[in-house]
Amino acid sequence: MGEITYTEVREMMLDVGANTPAYTIGVVADMTGLTARQIRYYEKADLLKPIRTKGNQRLYSQNDIERLVQIKKLLNKGLNAIGIKKILEEQE
DNA sequence: ATTCTAACA
DNA sequence: TGTTAGAA
């Protein structure tokens with residue numbers, strides 16, 4: 001009882017959780033199949049809010065990646081940024 | 001080499 | 001959405 005997993009300990013010690021900012025836009029583009037242009041556009045549409053480094057570069061977490069994949073799916077179903085925003089808000 | 005913003009023959 | 005120029 002009260003057991004915590006090795007993964008949880010590692011996440012606490014190394015700060016590598018699903019919400020940890022870790023990927024640059026180039027990596028995210030490869031992972032999601034979206035273009036950097038689109039990824040930046042969805043941020044402006046308030047669908048995503050990646051943190052910025054001191055050099056102003058965007059850093060995305062694993063959760064952000066999943067969110068973007070969701071967005072891509074909804075886009076293929078014909079929804080626009082506004083409709084997607086509503087759906088994403090409901091899932092929070 | 002990458003990413004950022006702003007802008008459009 | 002793509003692409004590009006100029007800066008970081």
Side-chain angles (χ1 to χ4, degrees):
Chain A
M1 62 161 79
E3 294 295 312
I4 56 179
T5 68
Y6 172 85
T7 305
E8 291 174 323
V9 173
R10 193 179 71 92
E11 289 179 352
M12 291 188 279
M13 296 181 74
L14 306 178
D15 186 26
V16 288
N19 230 306
T20 304
Y23 312 96
T24 57
I25 198 167
V27 176
V28 177
D30 291 333
M31 295 175 86
T32 63
L34 292 167
T35 65
R37 175 79 165 82
Q38 290 177 300
I39 297 172
R40 296 191 185 102
Y41 175 75
Y42 301 147
E43 177 182 356
K44 181 167 294 181
D46 291 304
L47 271 50
L48 210 60
K49 192 222 79 66
I51 58 83
R52 298 294 186 115
T53 65
K54 293 179 181 179
N56 197 43
Q57 297 213 168
R58 277 169 268 245
L59 282 187
Y60 301 84
S61 67
Q62 201 167 321
N63 285 166
D64 290 329
I65 307 297
E66 293 171 18
R67 198 188 196 66
L68 285 167
V69 171
Q70 248 300 318
I71 294 173
K72 188 179 181 182
K73 291 179 181 176
L74 295 172
L75 241 37
N76 288 320
K77 291 197 172 188
L79 290 101
N80 56 38
I82 299 176
I84 294 176
K85 185 177 181 182
K86 284 182 174 296
I87 293 178
L88 252 37
E89 292 174 335
E90 296 172 9
Q91 300 183 352
E92 289 181 50

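Computed from a prediction, not measured in an experiment: that's the story for all the values here. Residue numbers begin at 1 in each chain, while the letters A, B, ... track the order of the sequences.
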**Q** Atom CZ of R52(A) and atom C1' of dC4(B): how far apart are they, to the nearest Å?
**A** 7 Å
**Q** Can you pull out every salt bridge (Lys or Arg N to Asp or Glu O under 4.0 Å) where at least one residue sits in residues 65-77 of chain A? Sequence neighbours excluded, please.
**A** R67(A)-E92(A)
**Q** As a test of understanding, state which of D15(A), V9(A), T7(A) forms a side-chain contact (heavy atoms from CB on, under 4.5 Å) with E11(A).
**A** T7(A)
**Q** For L59(A) and P21(A), work out which heavy atoms get closest and say how close.
**A** CB-CB, 3.8 Å
**Q** According to the Watson-Crick and G-U wobble definition with distances under 3.5 Å, which dot-bracket string, read 5' to 3', encodes DNA chain C, using [ ] for crossing pairs and | for pairs with another strand?
**A** .|||||||
**Q** Determine which pairs satisfy side-chain hydrogen bond (donor to acceptor under 3.5 Å, both in side chains) with at least one residue from residues 24-35 of chain A, sequence neighbours left out, and list them in order.
**A** T35(A)-Q38(A)
**Q** Would you mind listing the cluster partners of L34(A)? Hydrophobic ones only (ILVMFWY), side-chain contacts under 4.5 Å, chaining allowed.
**A** Y23(A), I25(A), V27(A), V28(A), M31(A), I39(A), Y41(A), Y42(A), L47(A), L48(A), Y60(A), I65(A), L68(A), I71(A), L74(A), L75(A), L79(A), I84(A), I87(A), L88(A)
**Q** For DNA chain B, which residues in residues 23-31 of chain A have a heavy atom at a distance below 4.0 Å?
**A** T24(A), I25(A), G26(A)
**Q** Which heavy atom in A36(A) sits nearest to a heavy atom in A29(A), and how many Å separate them?
**A** N-CB, 4.4 Å
**Q** Does dT1(C) have its OP1 or OP2 closer than 4.0 Å to a side-chain nitrogen or oxygen of T35(A)?
**A** no
**Q** Quick one, R52(A) with R58(A), criterion side chain to side chain contact (heavy atoms under 4.5 Å, CB included). Give me CA distance, side-chain angles, the key distance, then yes/no.
**A** CA-CA 5 Å; R52(A) 298 294 186 115; R58(A) 277 169 268 245; 2.9 Å; yes
**Q** Among residues 55-80 of chain A, which residues get a heavy atom nearer than 4.0 Å to DNA chain B?
**A** N56(A), Q57(A), R58(A)
**Q** In whole Å, what is the span from the OH atom of Y41(A) to the P atom of dT5(B)?
**A** 16 Å
**Q** Out of curiosity, R10(A) CZ to I4(A) CD1, how far, rounded to the nearest 0.5 Å?
**A** 13.5 Å
**Q** Separation of R37(A) atom CZ from dA6(B) atom C1', in whole Å?
**A** 10 Å
**Q** From CD1 of I39(A) over to C1' of dT1(C), roughly how many Å is that when rounded to an integer?
**A** 13 Å
**Q** Taking atom CG of L14(A) as the centre, does the number of heavy atoms from other residues, nucleotides or ligands within less than 6.0 Å exceed 12?
**A** yes
**Q** Under a 4.5 Å cut-off applied to non-hydrogen side-chain atoms, are E43(A) and K49(A) in contact?
**A** no
